Amino acid sequence: MLALLPILALCVASGQALWPIPLTYTTGNQTLWIDQNVKITYKASASQPSTYGSAPNSSTSTWTDKIITNAIERTYDTLFNKNFYPWKFHPRNTAFEPTQTRASTFIKTITLVQNASDPTDIMKPTTGDVDEGYSLAMTTEGVVTITAASSIGLLHGLTSFTQLFYQCNGGGGVYTPLAPVSITDAPKFGWRGLNIDTSRTFKPMSDMYAMIDALSYNKMNRLHWHVTDSQAWPLEIPSMPDLAGKGAYISSQKYSAADVQGLTEYGALLGVEVVVEIDNPGHTASIAFSRPDLIAAFDIEPNWDTYAAEPPSGTLKLNSPAVGDFLAELFDDLLPRLTSLSSYFHLGGDEVNMNAYNLDDTVRSNLSSVLQPLMQKYMDRNMAQVQSYGLVPLVWEEMLLQWNLTLPAETIIQTWQSDQAVADAVGKGYRALAGNYEFWYLDCGKGQWLDFYPSDAAQYWPFQDYCAPFHNWRLMYSYDPLTGVPDNATHLVLGGEAHIWSEQTDSVNFDQMVWPRTCAAAEVLWSGAKDAGGQNRSQVTASPRLAEMRERLVARGIRAEPVRMPFCSMNGTQCAL
Ligand SMILES: *[C@@H]1O[C@H](CO)[C@@H](O)[C@H](O)[C@H]1NC(C)=O
Ligand SMILES: *[C@@H]1O[C@H](CO)[C@@H](O)[C@H](O)[C@H]1NC(C)=O
Ligand SMILES: *[C@@H]1O[C@H](CO)[C@@H](O)[C@H](O)[C@H]1NC(C)=O
Ligand SMILES: *[C@@H]1O[C@H](CO)[C@@H](O)[C@H](O)[C@H]1NC(C)=O
Ligand SMILES: *[C@@H]1O[C@H](CO)[C@@H](O)[C@H](O)[C@H]1NC(C)=O
Ligand SMILES: *[C@@H]1O[C@H](CO)[C@@H](O)[C@H](O)[C@H]1NC(C)=O
Ligand SMILES: *[C@@H]1O[C@H](CO)[C@@H](O)[C@H](O)[C@H]1NC(C)=O
Ligand SMILES: *[C@@H]1O[C@H](CO)[C@@H](O)[C@H](O)[C@H]1NC(C)=O
C-alpha cells in the first residue's frame, strides 16, 4: 500500500521524457499517479473484425488483437516493473518528487481508439501500408485517450505513454509530472532499421529478442538480419543440414527454423519486421565448409586481401549451374518459411571481388566485360525466385551503382558508401535506404581486428580501422538520410538503417555497442534530421532527453552506455559550448 502523506509537494517537471521526439506535443506541470488496477480499454473500429476482450486464444485471435493484447500487457509491465527513479535529472539535494495525498489525482481511464481497420498485412507490412501515427491526450483529471488508425499506431502511442511516467523513490508509486499532455505524432520515414550481423560473431536468441524490445522502445520497425557471411553460417536449413552443421563455428551456435519463426513472430507483435539477408555471391566462404565445389578462391593465404575484403576469401562461382541449383534449393527451403511474417528478402550483393573470378573455373577472368553479364544472369535468377514467393527484394548498392545491373523496379537499394549513393539510386528511379558508413556504422572506431607483422606494424600505427573514428551519437544524430537528394525524389528514400557489423561485438558488448547510439538514428528516422523550423536538430536539447532515454532503456533491461555524467543532466545546459 502507498502511504498517504498529508503534504502536497511541488513537482519539478523535467519535461524531457519523449524519445524519439513527436511531431508536435505539449506538456504541463500537474502530477498524476497511476496504479496497477487502472484498466486499459480498446475500442476497435466498426469495420475491424475483432475478438478482443474474449478469452485470449492465439489460434483464433487476429493479428490486430494479438498486437493490442501484447501492447497492453507490456504497458503494465513497463510502467510498474521496468520504470526508473529520475534523480539524475534534477539538481542535487532538491525534493523533486511529488507526494501522494488524499487530494492526488490518479489516472482514471485509458482508452485506445482505433479509428480504421488494420491492413491485412499488419504482421508483415510493406513500407507505407500501415499508418503508424497516433495522437495522445491526457487531461489533468486523469482521462487518457490514445487514437490511431492502426494497432501499430496504438502500440507507438502506448510506448510514448509509458515514457511520461517515473518511479517514485520516497513512498513508491508511479507518476507523471507532465499533465496535461497532448501529442500528435507520425514517422517521417517508413523504414527505420537496425542491421545485425550474426556471422562474424554469434548472438544468442535472447539477445535478438532483447534487440527487438529495444527497437520497439525507439519506435523502430525493421530488424535486418545479416545472418550469414564468410566467417560462419549459423542458419540451419533443414533440407541442407551440412550448411550449418559444418559452417557454424560450433554446434551450439546455430539458429533453427523455429528460432527464426519465433523471432519474426515476436517482432510482428511489436511492429518490428524481421528482414533476413543471405549475402551472396560474395561473403559466402562459409559455404565451402560443406560445399567446397561451389566456392571460388576459398581461403587464399597469405594474400587473401587480393580476393576478399576480409579473410577467409571465397565467393560463390558466377557461372556455375551447380551454384544455381544450390541457391534454388536453399531459397526454396528458406523463403516459404519467411513469407507469413515478412514481405522482404535481402539478396546481399556487396563487395563482390572481381579478382576472385580469376580463380573461378567457370569464369577465369576479372574483366568487367566478362563478369557483368554473368552477374546480371546470376542476379536475375535470384530475383525471379524471391519474387516468385511474393517477397520484395533488397540488394546492396553495388549491384546497381557499380555492376550496373538492371533490377526489378520494386527492388530496394540499400546504400552504405556515401550520400551520393542515395541520390544516385533514387536518381535511377529505385527506392533506397540510407545508412552512410561514415555516420551509421556502429562498429567503426574500435581499432583494427587484424594483426600486423612486426615488420609492417609501424606503418599501421595507431592501428585504426578503415572507418575510424568511433561514431558517437552526435555524429549519428547529424546525419540526414536526404542529404543531396532532390526534392522530387525524397519520397523514394524509404528510410535507413544503423549497422552493427560484428567483428568485435558479441553478446558481452552487444547492447553497449548499439545503444544508446542507435537512438540517435531512431530519432532521425522517426522525427527527421531537421526540426519544425527546418534547422538541424539541437544536441543541446536532445542530450538531456537522450540521457533520460538511456536510463529508461537500462530500466527496461537493455545495458545501454551512459550518455553523460549525472552532473550534466542535473544542471540544465551547463555541459554545452
Ligand atoms: C504550471 O503551469 C501553469 C500554466 O502554464 C503556470 O501558470 C504555473 O505557474 C505553473 N506552475 C509551476 C509550479 O511551474
Ligand atoms: C481456441 O480456439 C480453438 C479453435 O477454435 C479451440 O479448439 C480451443 O478450444 C480454444 N481454446 C480456448 C482456451 O478457448
Ligand atoms: C484516426 O486517428 C488519427 C490519430 O489521431 C488521425 O490522424 C486520423 O485522422 C484519424 N482518422 C479518422 C478516419 O478519424
Ligand atoms: C585482373 O587480373 C590480373 C591477373 O590476371 C591482374 O594483373 C590485374 O591487376 C587484375 N585487375 C584488377 C583490376 O585487379
Ligand atoms: C558500370 O558502369 C560504369 C560507368 O559506365 C563503368 O565504369 C563500370 O565499369 C561498369 N561496371 C561493370 C561491372 O561493368
Ligand atoms: C526530378 O526532376 C529531374 C529534373 O527535372 C528529373 O530529371 C527527374 O527524373 C525527376 N525525378 C523524379 C524521381 O521524378
Ligand atoms: C546541418 O547539418 C548538415 C549535415 O546534415 C551540415 O552539412 C550543415 O552544415 C548543418 N547546418 C548548419 C546551419 O549547421
Ligand atoms: C546548478 O543549478 C542550480 C539551480 O538549479 C544553480 O543554482 C547552480 O548554480 C547550478 N550550477 C552548479 C554548478 O550547481
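Since the structure is predicted, the reported quantities are computational estimates derived from the model, not experimental observations. If you read the sequence from its start, that first residue is 1, and numbering goes on from there.
- Just one residue in the list Leu482, Thr490, Leu433, Val493 forms a side-chain contact (heavy atoms from CB on, under 4.5 Å) with Val422, and that residue is Val493.
- The only option from Ile237, Leu235, Leu335 that meets the side-chain contact (heavy atoms from CB on, under 4.5 Å) definition with Ile278 turns out to be Leu235.
- The residues Lys428 and Asp424 are annotated as not salt-bridged, no charged nitrogen and carboxylate oxygen being separated by less than 4.0 angstrom.
- Residues Arg74 and Leu158 have side chains not in contact (no heavy-atom distance under 4.5 Å, counting atoms from C-beta outward).
- Counting non-hydrogen atoms of neighbouring residues, nucleotides and ligands closer than 6.0 angstrom, the CZ atom of Arg364 exceeds 12 such neighbours.
- Residues Met476 and Leu442 meet the side-chain proximity criterion, which asks for heavy atoms closer than 4.5 Å.
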What's the verdict on side-chain contact (heavy atoms from CB on, under 4.5 Å) for Asn195 and Trp501, showing C-alpha distance, side-chain angles and the deciding distance? CA-CA 8 Å; Asn195 173 22; Trp501 302 112; 3.3 Å; yes
*Applying side-chain contact (heavy atoms from CB on, under 4.5 Å), run through Glu497 and Trp440 and close with a yes or a no.*
CA-CA 7 Å; Glu497 295 184 348; Trp440 281 7; 5.9 Å; no
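- There is a side-chain donor-acceptor pair under 3.5 Å between Thr126 and Asp129.
- In this structure, Glu329 and Asp332 have side chains that are not in contact, with every pair of non-hydrogen atoms separated by 4.5 Å or more.
- The local environment of CG in Asp451 is sparse, with at most 12 non-hydrogen atoms from other residues, nucleotides or ligands closer than 6.0 Å.
- Using modelled atom types, no side-chain atom of Ser216 and backbone atom of Asp213 make a donor-acceptor pair closer than 3.5 Å.
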